[in-house]
Amino acid sequence: EFIDHIFLEGEPVGYAGDLLSGMSRFMPGARLRMPTARLWFRNWTREVVRKRALPIPVSVVKGLVGIALAMDRLDLAAIVGLGFLCMLRTSEMYNLRVRDIAFGPRLATAVIALPQTKTSGPNTDEVVLRDPRVVRALHAVCSDLEQNDVVYSRAPRFFGDDLRWLGQLV
């Protein structure tokens with residue numbers, strides 16, 4: 001009844017999913033006694049049409065990188081460009097170390113090693129960066145750092161703030 005009630009009240013479908021998940025986890029005996037609630041939840045999730053976020057346009061990324069360069073944040077410019085071109089997760093961007101980057105001849109490419117990503121498990125994933133401007137920016141940042149240093153110059157907790165700051169300036 002409660003699942004039907006929150007559906008009719010217009011609450012998010014996630015509330016029902018969290019409720020059922022919590023009850024199943026903390027009251028395992030109730031798991032088999034909720035078939036109607038699970039049926040209503042399943043029907044509700046089928047009815048909901050999810051909106052996907054639009055991907056960020058290239059022009060916006062160029063603007064973010066340009067503003068980061070203008071504000072003398074070469075590390076942020078290189079990381080934002082790298083993250084967009086190589087489709088990196090946020091944590092992969094701000095945890096990137098100098099030792100994980102191998103630059104190609106004449107700085108035309110760079111191979112980025114991504115140890116222990118979300119999907120690789122104990123293996124190391126690698127991506128190839130082929131944009132010469134981003135490779136040169138990344139090389140300029142790395143040339144002033146030690147092998148074990150992180151490319152992003154601030155603590156990880158500031159990465160979201162830096163991106164919002166750039167977004168406001170674009």
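By convention here, the first residue in the shown sequence is residue 1. Just so we're clear, the structure is a prediction, and the values are computed from it rather than from any experiment.
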Over all heavy atoms of both residues, which pair between [X] and [Y] is shortest? Give the atoms and the distance, please.
| X | Y | answer |
| --- | --- | --- |
| I3 | W44 | O-CZ3, 4.0 Å |
| A68 | L166 | N-CD2, 3.7 Å |
| R130 | T109 | CG-CG2, 4.1 Å |
| V151 | R97 | CG2-C, 4.2 Å |
| R73 | S153 | NH2-OG, 3.6 Å |
| A110 | V135 | N-CG2, 4.0 Å |

I want to check something: taking the side chain as every heavy atom from C-beta on, are [X] and [Y] in contact at a cut-off of under 4.5 Å?
| X | Y | answer |
| --- | --- | --- |
| I101 | C142 | yes |
| F7 | V13 | no |
| L163 | L64 | no |
| L114 | T124 | no |
| V134 | L85 | yes |

Do [X] and [Y] sit in the same hydrophobic cluster, where Ile, Leu, Val, Met, Phe, Trp and Tyr count as joined when their side-chain heavy atoms come under 4.5 Å apart?
| X | Y | result |
| --- | --- | --- |
| L107 | I79 | yes |
| M93 | V60 | yes |
| M87 | V80 | no |
| L8 | L39 | no |
| F2 | M23 | yes |

Query raised in the report: Which is it for V58 and K62 under the side chain to side chain contact (heavy atoms under 4.5 Å, CB included) test, yes or no, and what are the steps along the way?
Result: CA-CA 6 Å; V58 175; K62 287 180 179 179; 3.7 Å; yes
Query - Test side chain to side chain contact (heavy atoms under 4.5 Å, CB included) applied to V98 and V141, step by step - result: CA-CA 9 Å; V98 175; V141 172; over 6 Å; no
Requested in this report: Check step by step if side chain to side chain contact (heavy atoms under 4.5 Å, CB included) holds for L169 and M71.
Outcome: CA-CA 10 Å; L169 296 174; M71 302 304 260; 4.2 Å; yes
Tell me whether [X] contacts the main-chain N or O of [Y] through its side chain, where contact means a donor paired with an acceptor under 3.5 Å.
| X | Y | result |
| --- | --- | --- |
| D149 | E146 | yes |
| S21 | G17 | no |
| Q168 | W165 | no |

Query - R164/D161 under salt bridge (charged side-chain N to carboxylate O under 4.0 Å, His left out): CA gap, chis, key distance, verdict - result: CA-CA 5 Å; R164 279 187 288 282; D161 294 338; 2.7 Å; yes
In Å and rounded to the nearest 0.5 Å, what is the [atom1] to [atom2] distance from [X] to [Y]?
| X | Y | atom1 | atom2 | answer |
| --- | --- | --- | --- | --- |
| F41 | T36 | CZ | OG1 | 15.0 Å |
| R157 | Y94 | CZ | OH | 12.0 Å |
| D131 | R136 | CG | CZ | 8.5 Å |
| L88 | N95 | CG | CG | 11.0 Å |
| L19 | M34 | CG | CE | 7.5 Å |
| T45 | W40 | OG1 | CH2 | 14.5 Å |

Query raised in the report: Is it true that the NZ or CZ of R154 lies under 6.0 Å from the centre of F158's six-membered ring and within 45 degrees of the ring axis?
Result: yes
Query raised in the report: Per the side-chain contact (heavy atoms from CB on, under 4.5 Å) rule, which among I67, D72, V65 passes with L69?
Result: V65
Query raised in the report: Does the side chain to side chain contact (heavy atoms under 4.5 Å, CB included) test come out yes or no for L96 and L82, once each step is laid out?
Result: CA-CA 11 Å; L96 184 66; L82 171 70; 3.4 Å; yes
Query raised in the report: Is the number of heavy atoms from other residues, nucleotides or ligands within 6.0 Å of CZ (R38) greater than 12?
Result: yes
Report task. Apply side-chain hydrogen bond (donor to acceptor under 3.5 Å, both in side chains) to D162 and Y152, showing your working. Result -> CA-CA 11 Å; D162 282 350; Y152 178 63; 2.4 Å; yes
